[in-house]
Number of protein chains: 2
Amino acid sequence: MKKPSAAYARAGVDVDLGNTLKDRLPALVRQTHGPRVLGGIGGFGGLFRAAFPDMKDPVLVASMDGVGTKLKIAVQAGRHDTVGEDLVNHCVNDIAVMGARPLFFLDYLGAGKLDPDVFTAVIAGLARACRRAGCALLGGETAQMPGLYHGADYDLVGCIVGVVDRKNILDGSRVRPGDALIALPSNGLHTNGYTLARRIIFGKLKLGVNDRLPGMRGTAGDELLRVHRNYEPAIRSLPPRTLHAAAHITGGGLPDNLPRALPADCRAVITRKQLRVPPLFRLLQEAGKVSDDEMLRVFNMGVGMVLIVADSEAAATARRLRGRIIGRVERGAHGVEFV
Amino acid sequence: MKKPSAAYARAGVDVDLGNTLKDRLPALVRQTHGPRVLGGIGGFGGLFRAAFPDMKDPVLVASMDGVGTKLKIAVQAGRHDTVGEDLVNHCVNDIAVMGARPLFFLDYLGAGKLDPDVFTAVIAGLARACRRAGCALLGGETAQMPGLYHGADYDLVGCIVGVVDRKNILDGSRVRPGDALIALPSNGLHTNGYTLARRIIFGKLKLGVNDRLPGMRGTAGDELLRVHRNYEPAIRSLPPRTLHAAAHITGGGLPDNLPRALPADCRAVITRKQLRVPPLFRLLQEAGKVSDDEMLRVFNMGVGMVLIVADSEAAATARRLRGRIIGRVERGAHGVEFV
């Protein structure tokens with residue numbers, strides 16, 4: 001088979017470039033593979049052995065997500081090795097709150113024109129986070145779509161599959177009125193609220209990505225690209241049955257995410273002053289003149305994950321995981337109340 | 001919790017619109033759920049029971065893919081109910097060629113601004129194809145990313161997970177020199193080559209999406225939006241052990257995809273005149289002045305799937321599945337030769 005003429009490359013899709021990139025992948029990807037992964041790389045699908053002899057009724061838990069416009073900051077800052085970590089950790093957290101441990105992950109990278117260095121950095125970040133999370137990077141797709149993605153823009157999407165024994169699924173049914181809410185700190189915006197944050201920092205404050213943020217140590221790029229924390233090790237470290245439920249605080253903030261971990265007849269009551277809101281959020285609120293309520297719905301406000309445990313276990317659990325007790329579960333209308 | 005102020009909506013992300021859309025989903029999505037799906041919709045992840053008592057060594061097969069710039073045609077034509085089917089069928093085929101049957105599917109829809117009608121049409125297409133494929137639509141993510149997606153553009157990504165008993169994995173190891181190659185017909189471009197096709201039809205020929213294609217029955221929109229065929233039922237209908245391997249003909253065409261189904265010491269030899277190239281491809285080649293070799297690498301050329309079976313089974317299998325014998329497997333350098 002001869003090499004194709006340049007006509008397809010002219011239309012913006014360089015098949016050979018795509019193939020060259022595929023050649024760089026195997027070493028990065030194989031580092032994430034354990035004995036459950038079968039076959040080589042380059043098949044039509046990834047293969048993962050699904051026998052779970054230590055479980056009575058294994059249940060797969062799957063979630064799909066993106067990084068949001070945090071990608072725009074990566075492009076502005078020219079740093080592409082962290083967004084893959086953001087995505088993997090986000091996905092790992094989403095299934096960890098249901099009690100699952102991660103098995104494998106697949107990614108999709110859509111771009112107008114593939115830059116090999118950007119691509120390699122993104123995949124390296126994905127692979128690093130997968131390896132740390134004990135998760136196989138089982139497959140992925142790279143799409144060159146000129147005319148859909150503009151300039152250096154790209155979108156990055158991930159799908160994770162994990163497993164939990166049915167009796168250990170966290171679905172809110174173990175939560176009781178009187179249980180304590182423990183906040184595990186976020187280390188920044190994680191992957192939510194970037195559209196508003198960009199508007200405030202780059203629009204209203206007219207800062208550049210390399211400018212230091214007022215009152216903070218790092219540049220806008222540093223502070224906005226901090227990697228979404230992975231809370232799965234913290235959850236896994238808890239003694240069995242300690243955790244009644246957990247909520248990953250992403251888009252929609254505490255008000256939208258915490259109820260997903262509660263039974264229908266319970267509400268969460270959070271003491272506002274127990275939230276230790278980090279400086280970045282206070283800067284965004286002041287500069288953007290954003291209301292308290294909206295801040296809570298758009299940003300994580302310093303809370304990356306909420307664990308729900310029995311009141312009697314709360315102090316020890318919070319100490320151990322460096323979290324804070326921020327409130328209680330009460331019987332009442334499903335939702336979150338801030339007092 | 002009060003409704004947030006308009007500031008976030010102004011920045012282009014309307015949390016309430018997102019929530020409204022989520023309310024429309026459950027009915028569409030539940031139609032695809034069988035008894036293996038646990039829990040409701042709206043959890044952090046989808047739950048799927050993973051006991052496979054009829055299998056000795058169950059292996060999960062996973063694949064991630066997009067629709068490519070076929071999406072641009074959907075936007076131009078204002079028809080959004082077929083691209084979801086394209087995506088599901090594409091993914092189903094990718095794991096079917098490894099011997100797997102589909103279990104569940106997740107989607108990602110990224111857009112600048114969500115149009116509720118477009119969104120509903122896309123999800124309806126996904127749900128329809130999932131139901132037909134016997135596949136649960138287990139989860140999805142919708143991201144509003146103003147500044148990344150422009151105008152009415154959106155990207156659509158899918159992840160499928162299926163299962164196969166290890167002894168039934170199709171990995172090329174059953175293929176023998178002398179085996180026959182059976183082409184199952186595509187019904188159009190499926191999901192590949194759209195960047196070049198758009199350039200030729202809308203650029204060179206200056207046709208509109210509602211103009212009839214020269215020498216063809218339908219408009220450009222009709223012909224370019226034909227739904228990617230699902231070949232999994234055809235594969236499943238074959239007697240056990242009949243199928244030695246299969247290749248899904250997607251990006252890279254026959255030359256790039258057929259070798260993935262072959263052992264390292266085998267090549268595929270295809271008789272060019274046995275390819276019955278449909279009029280759409282001939283139109284594209286003539287109008288675009290595209291070489292034969294490039295046509296074969298960019299487009300499926302009328303072949304959506306290649307099945308590899310023993311020579312003795314070839315005629316009966318081809319007749320039964322309305323396919324054509326297009327060539328043979330020979331010992332030799334890994335690849336595809338056209339004679």
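Throughout, protein chains are lettered first and strands after them, A, B, ... in sequence-line order, and every chain is numbered starting at 1.
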Nearest-0.5 Å distance, [atom1] of residue [X] to [atom2] of residue [Y]:
X      : Y      : atom1 : atom2 : answer
A:L87  : A:T191 : CG    : OG1   : 8.0 Å
B:R272 : B:E337 : CZ    : CD    : 9.5 Å
B:N192 : B:I249 : CG    : CD1   : 10.0 Å
A:C91  : A:E232 : SG    : CD    : 13.0 Å
A:K204 : A:L284 : NZ    : CG    : 11.0 Å
A:L103 : A:F48  : CG    : CZ    : 4.5 Å

Output the residues of residues 158-165 of chain B for which the shortest heavy-atom distance to chain A is under 4.5 Å, in residue-number order; output 'none' if no such residue exists. B:G158, B:C159, B:V161

Can you tell which of A:T69, A:I169, A:D65, A:D155 has the highest number of heavy-atom pairs within less than 4.5 Å of chain B? A:D155

Could you please spell out the steps behind the side-chain contact (heavy atoms from CB on, under 4.5 Å) verdict for A:V290 and A:V298? CA-CA 10 Å; A:V290 185; A:V298 174; over 6 Å; no

Partner residues of B:Y108 under the ring-ring contact (aromatic ring centres under 6.0 Å, His included) criterion, sequence neighbours left out: none

Contact summary for [X] and [Y], nearest pair of heavy atoms:
X      : Y      : answer
B:T195 : A:P146 : CG2-CG, 3.9 Å
B:F52  : B:P58  : CD1-CB, 3.7 Å
A:G112 : A:Y149 : N-CB, 3.3 Å
A:L262 : A:A268 : CD1-N, 3.7 Å
B:P259 : B:G335 : CG-CA, 4.0 Å
A:H334 : A:P263 : CD2-O, 3.1 Å

Sort [X] into side chain, backbone, both or neither according to what part of it lies under 4.5 angstrom from a heavy atom of chain B.
X      : value
A:H248 : both
A:I200 : neither
A:V97  : side chain
A:Y154 : backbone
A:R36  : neither
A:A62  : both
A:D171 : neither
A:L138 : side chain
A:A247 : both
A:A152 : neither

Choice from [options] maximising heavy atom contacts with chain A below 4.5 Å:
options                        : value
B:M55, B:K72, B:E141, B:R198   : B:E141
B:D94, B:T250, B:D107          : B:D94
B:N257, B:L71, B:V75           : B:N257
B:V61, B:L148, B:D153, B:I95   : B:L148
B:G140, B:G147, B:A143, B:G110 : B:G147
B:S63, B:A96, B:G66, B:G46     : B:G46

Is it true that B:D57 and B:K167 have a side-chain N and a carboxylate O under 4.0 angstrom from each other? no

Under 4.5 Å from any heavy atom of chain A - which part of B:A246: backbone

